[in-house]
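The structure's right below; bear with me while I get my questions together.
All values derive from a computational prediction rather than experimental measurement.
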Amino acid sequence: MYHKQLDDFPKDFLWGASSAAYQIEGAAREDGKGPSIWDKYAHQAGNTFKGTTGDIAVDHYHRYKEDIKLMAKQGLKAYRFSVSWSRILPDGEGKVNQAGVNFYHHLIKELRKNEIEPVLTMYHWDLPLALQEKYQGWESKKTIAAFVNYAKLLFKEFGSEVKYWVTINEQNVFTSMGYRWGTHPPKKQNVKAMFLADHYVNLANALATIEFHQMVPTGKIGPSFGYGPVYPKTNNPEDVLAALNADDFNNNWWLDVYCRGKYPFFTKKQLENLGLMPEVTKKEQAILENPQAHPDFLGINYYHGGTVQENRLQKPAAKNKEKQFNQVDPYLMQPKGDQVKNPEVPMFNSVENDYVDKTKWGWEIDPTGLRIALRQVYEKYQLPIMITENGLGAKDIVQDGKVNDQYRINYLADHIMAMKEAISDRVDLIGYCAWSFTDLLSWLNGYSKRYGFVYIDQDDTQNGTLKRIPKKSYSWYQQIILTNGNKLSLLKHGE
Ligand code: BG6
């Protein structure tokens, strides 16, 4: 689509920023919080970058007022955060920890006081450890029941205070990392278990959404999905077919279930042939297909897409020269080098995209991919979309007390421009929560890879003053919000 003039962002557009409990809160053992799978995993040698843990993180638990003050000063309209399940239910089920519940009441109250719309994520990967140890986590139906009870508790406590709810963050990423590559807890390399866990998370998501629609009729709920458009390497029909396959495996496999209650039939047949498809009972199918189980909006986390070529058995990808600590690309379901760990995915083969730049961590920088993503998702599911994550991970440096992150401004400006174009195309986009508000602990990159508008003096040995320093991008985003994203000069690259 071409537009002589681009449309304005909607008047009530939610300009926001995001975070996740484990990555910011700290206070890992305070006020009755129970351990999560990440609290254990990060303490086991060799699992995380330089052994970094979320014990202190950026101490948001104690400094949330200071952080919200900075949000208000920046003019944020929305703030996406996650609730730590084991902070409010230390064993994942059973006894409620009132101090934990109170923390989130205070946080939400403070946000409301500052006219910031809370966007509450119910699950951002930190499963209560007790559920993993008692039931094997997402491989058990008991965890589905525990999640639904947890959800009901959240709806009862916060249903009248929070309008926008995210059920599950990036199911596609945490199940792949946890069960395929073994780089996140529960550190398994078992694709059969992964597909089972996926099915159970789908049921948990559907059942919680049904409860929500009864308990919080005025609210809006949906999952946040890590979406990447898939490009064929060439116009060789085999490459085009490979891209169709990859899209079905990497995107439809989850989104079709969330929005239509049906597993896409091409991938399903492939998994059935390989004996990897979990059993879906009639009762479960009915739950997934219940219209009340479907989202009111879709959260899309966008970092990059991917390129594929024909069948990897015929054309294996070149081996990766440099093996990085976090060598797996979670958004492509394929490692960048060795591709032997997905026996069920011989139908496509990830390759480099020669047309886009990359970050230092090899993530493609592809703002047009965001416009494509928005178009594809909106056309398919016709639901309002909120970008719940998007941002640039970089090594930021403080010089003379300042952080000049012009590279981040350029990145964000291009992505905001892509959103403006998508809105002009006719996509119903309701908000943008950049990743992240403050710097935070990267699951596998410690503090070497930062995303925030606000720098935090914290290092990989947890020896920082925790001082907050707004970066150059903080003031730039303040202007974006002030002008509702419509001042085009702010979307141009600067020095
Ligand atoms: C998303 C997650 O996948 O990517 C976030 O939802 C995460 O929790 C973000 O921090 C960036 O990932 P990384 O590995 O660059 O820190």
Side-chain angles (χ1 to χ4, degrees), residues 138-139 168 170-181 189-206 223 225-233 237-282 284-289 293-295 298 300 305-315 317 328-335 339-351 372-373 376-377 379-381:
W138 289 114
E139 288 169 77
I168 307 276
E170 290 188 357
Q171 182 181 340
N172 53 329
V173 174
F174 84 78
T175 55
S176 308
M177 304 292 267
Y179 291 92
R180 183 192 292 277
W181 312 120
Q189 293 189 350
N190 178 343
V191 280
K192 192 156 182 166
M194 178 185 82
F195 285 113
L196 181 74
D198 262 320
H199 179 52
Y200 286 179
V201 179
N202 285 335
L203 287 170
N205 176 68
F225 183 75
Y227 188 89
V230 186
Y231 309 136
K233 182 171 164 65
E238 292 296 334
D239 286 353
V240 176
L241 185 62
L244 264 183
N245 289 337
D247 190 35
D248 214 43
F249 254 89
N250 291 351
N251 294 319
N252 304 346
W253 181 250
W254 287 276
L255 287 178
D256 278 12
V257 182
Y258 296 146
C259 302
R260 298 174 174 160
K262 291 194 170 124
Y263 285 102
F265 36 76
F266 301 121
T267 297
K268 185 167 170 245
K269 179 145 192 287
Q270 178 88 1
L271 294 187
E272 280 165 355
N273 289 345
L274 289 157
L276 293 174
M277 182 68 203
E279 191 202 347
V280 181
T281 64
K282 276 204 176 121
E284 289 167 359
Q285 188 57 44
I287 293 169
L288 297 177
E289 283 186 44
H294 300 165
L298 269 176
I300 293 295
T307 304
V308 298
Q309 66 175 13
E310 65 184 272
N311 187 325
R312 74 181 159 92
L313 295 178
Q314 289 161 2
K315 231 183 216 184
V328 168
D329 189 329
Y331 295 96
L332 285 174
M333 281 180 53
Q334 297 206 17
Q339 299 196 355
V340 291
K341 279 182 200 143
N342 351 250
E344 83 288 15
V345 196
M347 312 105 79
F348 62 93
N349 185 356
S350 309
V351 291
I372 295 169
Q376 289 177 336
V377 173
E379 186 175 12
K380 261 190 150 175
Y381 305 109

Rounded distance [0.5 Å steps], NZ in Lys192 versus OH in Tyr179:
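If I round to the nearest 0.5 Å, the distance is 15.0 Å.
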Return the CG to NZ distance between Asp247 and Lys380, rounded to the nearest 0.5 Å.
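Separation between the atoms: 5.5 Å.
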Can you tell me if Asn202 and Glu284 form a side-chain donor-acceptor pair at under 3.5 Å?
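Distance-only check fails for Asn202 and Glu284.
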Does a side-chain heavy-atom distance below 4.5 Å link Leu271 with Phe249?
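Sidechains of Phe249 and Leu271: in contact.
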Got a second to check how far Phe348's CZ is from Asn250's CG, nearest 0.5 Å?
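Result: 4.5 Å between the selected atoms.
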Can you measure from CG (Asn251) to CD1 (Ile300) and round to the nearest 0.5 angstrom?
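CD1 of Ile300 is found 8.5 Å from CG of Asn251.
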Any donor and acceptor pair, going by atom type alone, linking the side chain of His294 with main-chain N or O of Leu288 inside 3.5 Å?
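The answer is yes, because a donor-acceptor pair under 3.5 Å joins these two groups.
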Can you give me the closest heavy-atom contact between Glu139 and Leu196, atom names plus distance?
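The pair with the smallest heavy-atom distance is O-CD2, 3.8 Å.
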Distance check, rounded to the nearest 0.5 Å: Lys262 atom NZ versus Asp256 atom CG?
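If we round to the nearest 0.5 Å, Lys262:NZ and Asp256:CG are 10.0 Å apart.
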Residue of the set Asp239, Val351, Val230 for which side-chain contact (heavy atoms from CB on, under 4.5 Å) holds with Thr307
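The side-chain contact (heavy atoms from CB on, under 4.5 Å) with Thr307 is passed solely by Val351 among Asp239, Val351, Val230.
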Would one find more than 12 heavy atoms of other residues, nucleotides or ligands at under 6.0 Å from atom OH of Tyr381?
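Enclosed.
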Taking the side chain as everything from C-beta on, heavy atoms only, tell me whether Asp198 gets closer than 4.5 Å to Trp138.
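Sidechains of Trp138 and Asp198: no contact.
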Can any side-chain N or O of Asn172 pair as donor or acceptor with the backbone N or O of Gly226 at less than 3.5 Å?
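Present.
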So, do Gln171 and Pro223 sit near enough that their side-chain heavy atoms are less than 4.5 Å apart?
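A side-chain contact is absent here, since even the closest heavy-atom pair is not under 4.5 Å.
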What orientation do Phe225 and Trp254 show, parallel under 30°, tilted 30 to 60°, or perpendicular over 60°?
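Tilted, since the angle between the ring planes falls between 30° and 60°.
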NZ of Lys233 to CG of Asn349: how many Å apart, nearest 0.5 Å?
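That separation rounds to 10.0 Å.
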